[in-house]
Novice: 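Next up is a structure, given as structure tokens.
Starting from 1, each residue takes its place in the sequence as its number.
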Amino acid sequence: GTSIQDFPDVGSNVASTLNYRSPFSSEKFIEIYTNPTIITSLTLNNCSIQEIPKSRLTSLDTFSFSTNGLVDFPDLVFFSPALKNLNISNNPFFNGSDPDQRYFGPKIAAKLPSTLRSLSIPGCFRGSFVQNQLNKFTLLSSIDASRSNFNTTAFFYPDSKNPNGE
């Protein structure tokens, strides 16, 4: 059967934490009711989430969504237009449904807000990291695009996007 757990309203706290542990590996639906404009930081690592909801978090500044099941890169310009820090590592975008989004190119860059200061994408892409795709990110001071130790299948392979390496 379905069980519902009620958690007390935390009122005006600036930070809330929901920890849910279960010995069962069935799907879970977590519904959080709060004003989305007050959410500034969201961490959802290792949750087996395969899609980001079609919502808008206009004040979200830090988003950590590593090691989930995303294969199609989300539109973060819509989801979090003021985003500064993004960790979306170890999501297999190299298996995405659009071949032009299996590497870091113009279609991926277009889905990232220009407000980014820190970007962590280890284990997400294979092959090309297309030149000049970071030009719009004038505030970007940190990027991690290394091969992940967690996802041992995400190697950078030579490809034919540009044989001159440009």
Novice: Measuring from atom SG of C124 to atom CG of N95, what distance do you get when rounded to the nearest 0.5 angstrom?
Specialist: 11.5 Å

Novice: Are L42 and I88 grouped together when hydrophobic residues (ILVMFWY) are joined by side-chain heavy atoms under 4.5 angstrom apart?
Specialist: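 Linked, L42 and I88 end up in one cluster.
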
Novice: Indicate yes or no: at least one non-hydrogen side-chain atom of P122 is less than 4.5 angstrom from one of S146.
Specialist: yes

Novice: Does any part of the side chain of L116, heavy atoms only, come nearer than 4.5 Å to the side chain of L139, both counted from C-beta?
Specialist: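 In short, these two side chains do not touch, never coming nearer than 4.5 Å.
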
Novice: For S80 versus P113, what's the shortest heavy-atom pair and its separation?
Specialist: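 Looks like O-CG, 3.5 Å.
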
Novice: Could you tell me if the side chain of I52 sits less than 4.5 Å from the side chain of F63, heavy atoms only?
Specialist: yes

Novice: To the nearest 0.5 Å, what is the distance between CG on N35 and CG on L57?
Specialist: 10.0 Å

Novice: What are the two closest non-hydrogen atoms of P36 and R56, and how far apart are they?
Specialist: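 Nearest pair, atom of P36 first, then R56: CB-O, 3.8 Å.
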
Novice: List for me each residue that meets side-chain hydrogen bond (donor to acceptor under 3.5 Å, both in side chains) alongside T62, sequence neighbours excluded, and say none if there are none.
Specialist: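 Only N85 meet the side-chain hydrogen bond (donor to acceptor under 3.5 Å, both in side chains) criterion with T62.
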
Novice: Taking the side chain as everything from C-beta on, heavy atoms only, tell me whether F104 gets closer than 4.5 Å to F73.
Specialist: no

Novice: Got P106 and Q133 here, is their nearest side-chain heavy-atom distance under 4.5 Å?
Specialist: yes

Novice: Please test T67 against N45 for side-chain contact (heavy atoms from CB on, under 4.5 Å), starting from the C-alpha separation and ending with a verdict.
Specialist: CA-CA 6 Å; T67 320; N45 299 330; 5.8 Å; no

Novice: Taking salt bridge (Lys or Arg N to Asp or Glu O under 4.0 Å) as the test, write out the residues that go with D98, two or more places apart.
Specialist: K107

Novice: Is it possible for you to say whether L44 and F79 belong to one hydrophobic cluster, with membership spreading through side-chain heavy-atom contacts below 4.5 Å?
Specialist: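 Looking at the clustering, F79 is in the same group as L44.
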
Novice: Would you say N91's side chain and N68's backbone share a donor-acceptor pair under 3.5 angstrom?
Specialist: yes

Novice: Side-chain heavy atoms under 4.5 angstrom apart, residues restricted to Ile, Leu, Val, Met, Phe, Trp, Tyr: same cluster for L83 and F78?
Specialist: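 Unlinked, L83 and F78 end up in two clusters.
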
Novice: With rounding to the nearest 0.5 Å, note down the distance linking OG1 in T115 to CG in L140.
Specialist: 10.5 Å

Novice: Do F137 and L60 land in one hydrophobic cluster if side-chain heavy atoms of ILVMFWY residues count as linked below 4.5 Å?
Specialist: yes

Novice: Any idea which heavy atoms bring P74 and K111 closest together, and the distance?
Specialist: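 In terms of heavy atoms, the two residues are closest at O-CB, 3.5 Å.
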
Novice: For S142, enumerate each residue passing the side-chain hydrogen bond (donor to acceptor under 3.5 Å, both in side chains) test, keeping only those at least two apart in sequence or located in another chain.
Specialist: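 Per chain and number, S142 pairs via side-chain hydrogen bond (donor to acceptor under 3.5 Å, both in side chains) with no residue.
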
Novice: Atom OG of S48 and atom CG of L70: how far apart are they, to the nearest 0.5 Å?
Specialist: 11.0 Å

Novice: Distance check, rounded to the nearest 0.5 Å: T58 atom OG1 versus I39 atom CD1?
Specialist: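 Rounded to the nearest 0.5 Å, the OG1-CD1 separation comes out at 9.5 Å.
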
Novice: Measure the shortest side-chain to side-chain distance between F93 and I108 over non-hydrogen atoms and say whether it is less than 4.5 angstrom.
Specialist: no

Novice: K136 and S114: which non-hydrogen atoms are nearest, and at how many Å?
Specialist: O-CB, 3.6 Å

Novice: When rounded to the nearest 0.5 angstrom, what distance separates CG in L86 from CZ in R117?
Specialist: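 Reported to 0.5 Å precision, the distance equals 14.5 Å.
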
